[in-house]
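I have placed the structure first, in the form of structure tokens, so that the comments after it can refer back to it.
So you know, we letter chains A, B, ... as the sequences are listed, proteins then strands, and number each from 1.
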Amino acid sequence: MSDRPSRLFHNLNAKIASIPMALTAMVVFLGGSIWTVVYSFTNSKLLPRAKWAGLDQYERLWGTERWLISIENLAIYGVLSLIFSLVIGFVLAALMDQKIRFEDTFRTIFLYPFALSFIVTGLVWQWLLNPEFGIQSVIRDLGFESFNFDPLYNADIAIYGILIAGLWQGTGLVMCLMLAGLRGIDEDIWKASRIDGIPMWKTYLLVVIPMMRPVFITTLVIITAGIVKLYDLVVAQTGGGPGIATEVPAKYVYDMMFQAQNLGQGFAASTMMLISVIIIIIPWAYLEFGGKRRG
Amino acid sequence: MTAFAKIACAGAVASFAGATWAEELEVTHWWTSGGEAAAVAEFAKAFDATGNKWVDGAIAGSGSTARPIMISRITGGDPMAATQFNHGRQAEELVEAGLMRPITEVAEAEGWANIVATPGLLDSCTLDGELYCVPVNIHSWQWLWLSNKAFEEAGVPVPTTWDEFVAAGPALEAAGKVPMALGKQPWQAMGAFKVLVLNLGGPELYTKVFGDKDTDAAAGPEMAAVWKAADDMRKLAVGSNVQEWNQATSMVINGQAGGQIMGDWAQGEFQVAGQVAGTDYTCLPGLGAQTYLSTAGDAIYFPLLRDEGKSAAQLELASVLFSPEAQLAFNTKKGSLPVRNDLDLSTANDCMRKGLEILAEGNIVPDTDQLISPDTNTQLQDLMIQFISDMNMTPDAAQARFVEIIGDAD
């Protein structure tokens, strides 16, 4: 009994190997976040300075129309892109799962946009949605003179123009994840439901989707992470315009920190982004991991 | 190994001894449009002639894209040898933090103070008695560029004042033109607005609002008249769907648009397109009303370097940038005014001469870059781009927000 190694040295190699990553996580992620939050209470301009300003930065932040519009845009984009990419992705995957011909070809076509960066996607859709030489002009050339489709030039609907590009880029990946999930469903389930005479849509909705819970959660995390960091698509497509109609929080942070040379304000905005992510993640992580340990 | 070490030592000794040792200096800037690139090549040529080498670090996409990259390189410990900023408050904190090196010795040895076009140029480069940057040109925003072709086709005479230009709007529209070209980037909207403040509101209002941050003046009736003019401007600019300033300028060049309010750097684009001032295009400095110009401009700053050879070469570069030959070649290509008062400007064209006359009369004010911080400037840009593109925002509402921003300005 006495020569049994202590718990600390158990699996020593693995522990040593994970030290660099653990340090990176502690210093870079956690340390960096704490530093940012602390300096958001200062009036740092171009360089960080520890001159305390209390809640001034936050007061200014919530009094700035551009920030409020950014939040609103992110909410619209986030909710709609979550719903649409899950629904469209799942429907496409279900259609693919019907043992159709040329499945590989379709899969490649649908996944292809994902291989493009957001910058390229944004530029392509900026051109497509340009009224002078994009979709609108093509359809007008076909004879429909009064056809009007210029979302990026109308402040009220510009954010939907960005949503279209985002969905075009991201849905293929969701479809692939869903397809992988569907392939993981045991063939016997389908046989059983067919014997019981349950219609196919009902089997999908009530049997298959609940069984695919892990796949849905993975997909959800991937989509949500993409939503919060939405930045490059906006920069490439509209630059935040027309006016400030398509501004997003990440762009506010960048512009404040580097263009306005106002680090304090940028830190305050990024702290708000961090808090909103935490509010979403903690209850989810609690449900997902906390529950299991007890059960 | 030892042979190599000896050569290396010999090299080190030679450079410490101050012998002319070719140094490569990286210079970052955002001079990337056709006219600008041609101008900066003149600087490179002049510097290469000293035996050193100019390594061009052009960053595309206007100053607002380039400045963050430059600042993060300097603060992140990877400084370039020299970099462009607009002189004013953009590099203020970098200088205060000791990240820039002074070049006072060159300026004193060559007597810059006696030959500089206006003393304000060196003042805005100076902190605590030390000079930190070389002003390389004088730029002014207050120019209305007009396309003679567009007005001819619309059947109206080329305007000579802002009011005539506004009045010509419907005729231009009827001829299928966009009356005023305006790029959709925020800085362009803000630039056009400050031109309206100075040239319609007058230099006193301009100084009170941007210089003294006087909220009473910002809320007053004179300022309301300026906002009314800004309202006219946004109506004239409907249909101008371009982003970059030089795309907007090319709308004026090929006669698609009647005019554009843009700084004198637009002149370089007209030159590259082979157009002649007076016959193909017309320039109205100060909008033809109050002929005042603001003296902004570009300056080259020198980050503090550890390498002694490079530090010495930085001084050489400073001297080259201010030399008469380089000044003349650079500014003729760029369309800006030189910073020296002892140059023969017989090669200058019509528009440049008009600018020089205004300068000689002393009708100048400092640019907003020197008066307000980048933070305030960004807030004003946001306000302006919102006002320009959101027709539902009334001039009164915009003015109220303007007063708030001026009140908070530092």
When you look at [atom1] of [X], are more than 12 heavy atoms from neighbouring residues, nucleotides or ligands closer to it than 6.0 Å?
| X | atom1 | result |
| --- | --- | --- |
| A/F84 | CZ | no |
| A/F147 | CZ | yes |
| B/D78 | CG | yes |
| A/E65 | CD | no |
| A/Y231 | OH | yes |
| A/Y160 | OH | no |

Revision key, fill the gap. For B/D375 and A/K45, the nearest pair of non-hydrogen atoms, with its separation, is OD2-NZ, 3.4 Å

Exercise for review: Please name the pair of heavy atoms, one in B/S389 and one in A/P242, separated by the smallest distance, quoted to 0.1 Å.
Suggested key: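 Shortest heavy-atom separation between B/S389 and A/P242 comes out as OG-C, 3.5 Å.
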
Practice item. Give me the contact list for residues 377-387 of chain B versus chain A, heavy atoms only, anything under 4.5 Å, ordered by residue number. Key: B/T378, B/Q379, B/D382, B/I385, B/Q386

Side chain / backbone / both / neither for [X] at chain A, heavy atoms under 4.5 Å:
| X | answer |
| --- | --- |
| B/Q243 | side chain |
| B/S64 | both |
| B/R89 | backbone |
| B/I388 | neither |
| B/D408 | neither |

How many angstroms lie between [atom1] in [X] and [atom2] in [Y], if you round to the nearest 0.5 Å?
| X | Y | atom1 | atom2 | result |
| --- | --- | --- | --- | --- |
| B/N392 | A/D156 | CG | CG | 7.5 Å |
| A/L46 | B/L94 | CG | CG | 5.0 Å |
| A/T238 | B/K184 | OG1 | NZ | 11.0 Å |

Exercise for review: Report yes or no: does A/Q261 contribute a side-chain atom to a donor-acceptor pair with the main-chain N or O of B/P374 at less than 3.5 Å?
Suggested key: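 No.
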
Practice item. Output the option from A/T64, A/N130, A/I244 having the highest count of non-hydrogen pairs under 4.5 Å with chain B. Key: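 Top option by heavy-atom pairs under 4.5 Å: A/I244.
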
Practice item. Please flag which part of A/Q265 lies under 4.5 Å from any non-hydrogen atom of chain B: side chain, backbone, both or neither. Key: neither

